[in-house]
Amino acid sequence: ACYLFRHNIYLLAIGAYTIEFFYIAANAEGSAFSRVDGAMQRIGAAHSRTCAQLRGTVAFISYPSAVYLVAETKPKRSSTPAVERLLLGLTLTDCWAFGFEVDGHSFYAWVFPTSNRALCYDAGTETWHQLTDTGGNYFKLIDTAMLAGEVYAQHITDGYVYKLTGSQDNSVDYTVTARTAYADLGVTERKRIRSMTFHGDLPAGQSISVRYSDDDYGNWSTARTVA
């Protein structure tokens, strides 16, 4: 196994190609553990560094690029096609993962330093996000811990410990990038978007720009300001 995890009353062993559950059987000879019959799954982790656990749940990236969460004895595929296409271009051995909770939400994060990427999954809303600073670079966080109801994260290079919160300083301008999921509508004909509507507050002096890709995010058109 590349990862062992205490999962409720079981011991969860995640290998490269399978997942198995064990329970304490108090066997007179050999191992004290026995397999849970019928619980083996032919899904494994691409690397132990892609595994993260939080409150009785474990998440991992499997071959070649899918993300699974295990809450009971059945893994649930949580990645979207767009996320899986993004993971195909990343080096899974050059990765670390961790879990944390903020404002009642459970998050799992995967950091890919060589590719300058950090992905985050909100298990409550089942949505994906990229963790970046104001310069578009990945958050250089390596792990988190909780103390007195607050979540703290350690920076990988400067050694400082930062508090993670769900609020932000509204006196600072932030650049927000939203990318829609890939959609072919199940047909091969050329498709056009008739209109787009944006809902939100746009501060004075700020703008919204739109660009598109017609080759699965490989190349993008020149951004056009629309608001």
Side-chain angles (χ1 to χ4, degrees), residues 1-7 12 14-16 44-70 78-80 82-179 217:
C2 65
Y3 192 77
L4 294 175
F5 173 58
R6 182 179 176 181
H7 183 67
L12 171 59
I14 302 178
H47 196 277
S48 60
R49 293 168 66 97
T50 71
C51 299
Q53 61 186 66
L54 180 67
R55 290 190 179 274
T57 303
V58 64
F60 62 91
I61 302 176
S62 71
Y63 290 110
S65 63
V67 177
Y68 286 88
L69 261 67
V70 183
S78 302
S79 51
T80 64
V83 169
E84 292 175 8
R85 282 193 296 273
L86 179 61
L87 290 174
L88 282 173
L90 303 178
T91 304
L92 300 185
T93 55
D94 179 29
C95 165
W96 63 81
F98 56 88
F100 61 95
E101 288 186 337
V102 174
D103 294 343
H105 290 253
S106 296
F107 296 94
Y108 296 89
W110 290 268
V111 180
F112 304 87
T114 302
S115 303
N116 195 26
R117 295 277 190 180
L119 300 177
C120 185
Y121 177 68
D122 185 336
T125 61
E126 299 184 345
T127 54
W128 284 87
H129 313 272
Q130 291 200 62
L131 297 177
T132 63
D133 59 20
T134 55
N137 300 306
Y138 76 96
F139 274 3
K140 295 177 174 62
L141 305 179
I142 192 168
D143 208 345
T144 60
M146 181 172 286
L147 176 65
E150 301 286 353
V151 180
Y152 297 89
Q154 182 159 12
H155 198 281
I156 189 173
T157 57
D158 63 23
Y160 289 129
V161 174
Y162 297 87
K163 184 168 72 173
L164 300 182
T165 68
S167 60
Q168 69 179 29
D169 183 357
N170 291 326
S171 65
V172 179
D173 291 334
Y174 291 88
T175 299
V176 179
T177 301
R179 186 173 70 177
Y217 312 114

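Note that the structure is predicted; figures quoted are calculated from it, not measured.
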I'd like to check T125 versus H105 (side-chain heavy atoms, cut-off strictly below 4.5 Å). Are they in contact? yes

Please determine whether side chain to side chain contact (heavy atoms under 4.5 Å, CB included) holds for the pair W110 and I61, giving the CA-CA distance in whole Å, both sets of side-chain angles, and the decisive distance to 0.1 Å. CA-CA 9 Å; W110 290 268; I61 302 176; 3.5 Å; yes

Side-chain donor or acceptor of S115 paired with backbone N/O of F112 under 3.5 Å: no

What one should report as the nearest heavy-atom pair of Q53 and F5 is OE1-CD1, 2.9 Å

Heavy-atom closest contact (T157 atom, H155 atom, distance): OG1-CE1, 2.7 Å

Examine the side chains of E101 and S106 and answer whether a donor and an acceptor come within less than 3.5 Å of each other. yes

List the steps and the verdict of side chain to side chain contact (heavy atoms under 4.5 Å, CB included) for L90 and R117. CA-CA 9 Å; L90 303 178; R117 295 277 190 180; 4.0 Å; yes

When T144 is tested against each of V161, V151, V102 for side-chain contact (heavy atoms from CB on, under 4.5 Å), which residue passes? V151

Closest contact, heavy atoms only, I142 versus W96: CA-NE1, 3.4 Å

In terms of heavy-atom contacts, L87 and V67 come closest through CD1-CG2, 3.8 Å

Using every non-hydrogen atom in the two residues, find where F100 and A109 come nearest and quote the distance to one decimal. CE2-CB, 4.3 Å

So L69 and V58, side chain to side chain contact (heavy atoms under 4.5 Å, CB included) or not? Walk me through it. CA-CA 6 Å; L69 261 67; V58 64; over 6 Å; no

May I ask you to check whether T93 and T91 show a side-chain donor-acceptor distance below 3.5 Å? no

Any side-chain heavy-atom pair of T50 and Y3 under 4.5 Å: no

If you take all heavy atoms of A45 and Y63, which pair is closest and at what distance? O-CE1, 3.9 Å

Say you draw a straight line from SG of C120 to CG of L141; how long is it, rounded to the nearest 0.5 Å? 10.5 Å

I'd like to know if the side chain of S65 reaches the main chain of E84, judged simply by a donor and an acceptor atom lying under 3.5 Å from each other, with no hydrogens or angles considered. yes

Could you walk me through whether I156 and Q154 pass side chain to side chain contact (heavy atoms under 4.5 Å, CB included), step by step? CA-CA 6 Å; I156 189 173; Q154 182 159 12; over 6 Å; no

Could you tell me if the side chain of D122 sits less than 4.5 Å from the side chain of W128, heavy atoms only? no

Do Y121 and E126 have side-chain atoms, one donor and one acceptor, less than 3.5 Å apart? no

Under the 3.5 angstrom rule, does the side chain of N116 hit a backbone N or O of N137 as a donor-acceptor pair? no

What distance do L119 atom CG and Q130 atom CD have between them, rounded to the nearest 0.5 Å? 5.5 Å

Heavy atoms, side chains only, cut-off 4.5 Å: are I14 and F60 in contact? yes

